[in-house]
Amino acid sequence: MIKIKNLCKSFGDNQVLSNITETINQGDKVVVIGPSGSGKSTFLRCLNCMEDPTSGSIIFDGEDLADLRVDINKHRQNIGMVFQQFNLFNNKTVMENITLAPVHLKKMTPAEAKERGIELLQRVGLEDKADVYPSTLSGGQKQRVAIVRALAMNPKVMLFDEPTSALDPEMVGEVLDVMKQLANEGMTMVVVTHEMGFAREVGNRIFFMDEGQITEQGTPEEVFGNPQSPRLKDFLSKVIV
Amino acid sequence: MNFASKFDVFWELFIEQGGWKRVISVGLVNTLLIAVLGLLIGIVLGTLIGAVKVMPKYKLLPKILDKICTVYVGFFRGTPIVVQLLIGYYVLWPLLGITISPLNTSIIIFGLNSAAYVSEIMRGGILSIDPGQMEAGRALGLSYSTTMIKIVIPQAIKNILPTLGNEFIALIKDTSVVSFVAATDLYKTFTEIGNVRYEYFMPYLAMAVMYMVLVFIISCGIKAMERSLRKSDKN
Ligand SMILES: Nc1ncnc2c1ncn2[C@@H]1O[C@H](COP(=O)(O)OP(=O)(O)OP(=O)(O)O)[C@@H](O)[C@H]1O
Ligand SMILES: [Mg+2]
């Protein structure tokens with residue numbers, strides 16, 4: 001689904017990703033873990049070129065997204081992204097947030113988009129919030145709407161960057177539930193998170209990132225049950241209580 | 001100084017002979033026309049310039065546009081509005097071989113002038129919007145310009161509305177110089193009343209009061225707008 005080849009990313013002199021080569025397959029639920037500053041967000045953001053890779057390639061749908069000549073907007077329509085800070089459009093209602101892109105990009109008629117929006121909102125239990133503005137929602141509700149907004153484009157893969165890190169603890173569950181549901185439906189997902197319970201339960205592959213590289217990876221059983229490197233052991237001992 | 005006789009003269013010309021009608025229907029209307037239409041032109045053009053100013057500048061075209069905008073803003077902020085009016089009316093139009101009425105000249109020049117100021121306000125407004133809004137739009141596959149127009153700029157405009165109100169007040173006050181190109185505004189119509197008896201004491205006093213009332217009313221409008229905006233932020 002996504003083939004990452006020799007991906008490098010530097011901000012000025014600061015090399016954040018070094019030479020990552022990896023394949024994400026259809027239906028994978030990849031969970032990316034690692035210490036703060038190890039490059040998890042940067043890695044995720046390179047996948048849809050929110051950050052342009054310094055070198056290397058990201059092959060998606062047969063095209064190299066790192067190539068500046070490809071129409072990145074077209075490909076991003078198929079790659080949903082969910083942010084830590086939700087980033088709902090403040091000047092749009094919940095329904096407008098959901099329908100804006102599919103309608104503007106001519107993926108759906110306004111009526112179709114609205115119907116799909118209602119259906120998705122029902123799935124996350126927020127159908128009564130369709131006409132309110134984001135500022136009236138709780139963090140957990142905002143994030144569920146943000147997930148719905150991304151899903152409304154019918155993406156082939158969903159990227160999540162610490163979707164529950166900005167939430168009050170009592171709201172983490174409602175967002176993780178939606179993500180689990182999505183995983184069960186077979187969505188291909190790449191999730192950066194500190195929720196190790198979620199990683200174990202939902203992930204089929206765990207990437208451990210350290211200093212800009214994926215230094216260890218495997219099934220949750222392998223990574224959590226039998227970590228190899230001292231760095232991973234050290235990391236796990238700190239996050240798992 | 002005989003205040004009573006000055007007042008009598010003014011009363012006779014302004015009230016009894018109906019001088020106020022021209023002051024309102026021509027002077028006040030033109031002053032407002034120049035300020036309102038000038039501000040509208042300023043907002044449209046200023047938004048464009050502000051948007052150019054915040055564009056990422058990797059490519060050549062944004063770089064060139066940015067330079068042009070910098071020169072434009074530098075010119076209009078760096079020269080007196082009177083000079084701009086005179087250059088437009090007596091230099092530029094003849095050079096271009098076109099005739100534009102004093103009133104329209106004033107509207108155009110005030111529009112171009114206010115665009116320079118609005119562009120700076122707009123730039124600040126756009127930069128005050130959380131970059132996450134642009135990111136979310138781009139991540140959905142929307143283009144930079146679509147996200148700018150549909151998401152970022154509407155929020156920026158809402159944030160800068162009070163500042164734009166102040167720009168409007170500044171414009172109203174500045175319009176008092178349009179008689180340099182023979183446009184008829186409040187100042188001009190009051191001067192005409194003074195010219196009848198060469199008695200300017202009361203006309204100019206009345207003019208000052210009128211500008212003050214005008215600005216006071218607009219300030220109240222801005223305050224009311226700020227209050228309702230603050231309320232809608234909480235909704
Ligand atoms: N836009 C940027 N400009 C410059 N440096 C950046 C930028 N984004 C990230 N970095 C740097 O890249 C490094 C990796 O950042 P990144 O956000 O990818 O880490 P992370 O693993 O997601 O960390 P966290 O768990 O804290 O979110 C950090 O040193 C950071 O300072
Ligand atoms: Mg991060």
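Computed from a predicted model, the values in this text were never measured in an experiment. Below, each value reflects all heavy atoms present in this structure, side chains not excepted, and no hydrogens, waters or symmetry copies.
For residues 56-93 of chain B, heavy-atom neighbours of chain A at less than 4.5 Å comprise no residues at all. Scanning residues 111-141 of chain B against chain A with a 4.5 Å non-hydrogen threshold yields Asp130(B), Gly132(B), Gln133(B), Glu135(B), Ala136(B), Gly137(B), Arg138(B), Ala139(B), Leu140(B), Gly141(B), sorted by number.
Counted within 6.0 Å of CD on Glu115(A), heavy atoms from surrounding residues, nucleotides or ligands total 12 or fewer; the atom is thus considered open. Annotation for Gln26(A): atom CD does not count as buried by contact number, only 12 or fewer foreign heavy atoms lying within 6.0 Å. Enclosure of atom NZ in Lys5(A) is not indicated, since only 12 or fewer non-hydrogen atoms of other residues, nucleotides or ligands lie within 6.0 angstrom. Counting heavy atoms of neighbouring residues, nucleotides and ligands inside a 6.0 Å radius, atom NZ of Lys180(A) exceeds 12 of them.
Contacts between Arg45(A) and chain B at a heavy-atom distance below 4.5 Å involve the side chain alone, from C-beta outward. Lys74(A) does not touch chain B: none of its heavy atoms, backbone or side chain, sits under 4.5 Å away. At a 4.5 Å heavy-atom cutoff, Thr147(B) makes no contact with chain A through either its backbone or its side chain. Using a 4.5 Å cut-off between heavy atoms, Asn48(A) touches chain B through its side chain atoms alone. Of the two parts of Gln85(A), neither the backbone nor the side chain holds a non-hydrogen atom closer than 4.5 Å to a non-hydrogen atom of chain B. Looking at Phe83(A), the atoms closer than 4.5 Å to chain B (heavy atoms on both sides) all sit in the side chain, from C-beta outward. Neither the backbone nor the side chain of Leu159(A) comes within less than 4.5 Å of any heavy atom in chain B.
Side-chain atoms of Asn91(A) come within 3.5 Å of backbone N or O of Lys150(B) as a donor-acceptor pair.
Here the CD1 atom belonging to Ile72(A) is positioned 13.5 Å from the OG atom belonging to Ser143(B), to the nearest 0.5 angstrom. Put simply, CG on Asn73(A) and CG on Leu142(B) are 8.0 Å apart, with the number rounded to the nearest 0.5 Å.
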